[in-house]
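See structure below.
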Amino acid sequence: MVAVMALVTLATRWGGVFVMSYVPIGPRVRRFIAAMSGSVLVAVLAPMAAQGDLGARAALATTALVMLVLKKPLPAIAAGIVAAALFRQF
């Protein structure tokens, strides 16, 4: 089952690169690509805000704060993971 999931993920990623090789990258496409990372982040974190424990909410708050300050999703996600780990450790 894991191998099938890995193959589907790989095909999706390669397929995306293949399809995007035919799409001209103009200002509108650049804005779309930039907005996607934020929307994926919200889609992952919204259920945690509604149903998560206090560790999940600490991660969400930390992620939101770091995202507002740095405006970069990767450090925000990393900070959220660290916040959840620290909160749950203590």
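The figures that follow rest on heavy atoms only: side chains count, while hydrogens, waters and symmetry mates do not.
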Point-to-point distance, once rounded to the nearest 0.5 Å, from OG1 of Thr9 to CZ of Arg13:
7.0 Å
Any link between Met20 and Phe32 through a network of hydrophobic side chains (Ile, Leu, Val, Met, Phe, Trp, Tyr) touching at under 4.5 Å?
yes
Report the distance from atom CG of Leu60 to atom CG of Leu65, rounding to the nearest 0.5 Å.
11.0 Å
Scanning both residues in full, the closest heavy-atom pair of Ala59 with Ala84 reads CB-CB, 3.8 Å
Checking Leu54 against Arg88 for the side chain to side chain contact (heavy atoms under 4.5 Å, CB included) test, could you report, in this order, the C-alpha distance in whole Å, the side-chain angles of both residues, the deciding distance, and whether it holds?
CA-CA 9 Å; Leu54 289 177; Arg88 290 178 177 150; over 6 Å; no
Testing the basics here: between Gly52 and Ala56, what is the closest heavy-atom pair and its distance to 0.1 Å?
CA-CB, 3.9 Å
Cluster question for you: counting only ILVMFWY and a side-chain heavy-atom cut-off of under 4.5 Å, with indirect links fine, are Phe18 and Leu10 together?
no
Smallest heavy-atom separation, Pro75 atom then Leu70 atom, equals CB-CD1, 3.8 Å
If you group Ile, Leu, Val, Met, Phe, Trp and Tyr by side-chain heavy-atom gaps below 4.5 Å, do Trp14 and Tyr22 land in one group?
no
Shortest non-hydrogen contact from Val66 toward Ala79
CG2-CB, 3.7 Å
Taking all atoms of both residues into account, what is the closest heavy-atom pair of Val29 and Ile25, and its distance?
CG1-CD1, 3.9 Å
Any chance you could measure Thr62, atom OG1, to Ile77, atom CD1, to the nearest 0.5 Å?
13.0 Å
Looking only at heavy atoms, which two atoms of Arg57 and Gln51 are closest? And how far apart?
NH2-N, 4.4 Å
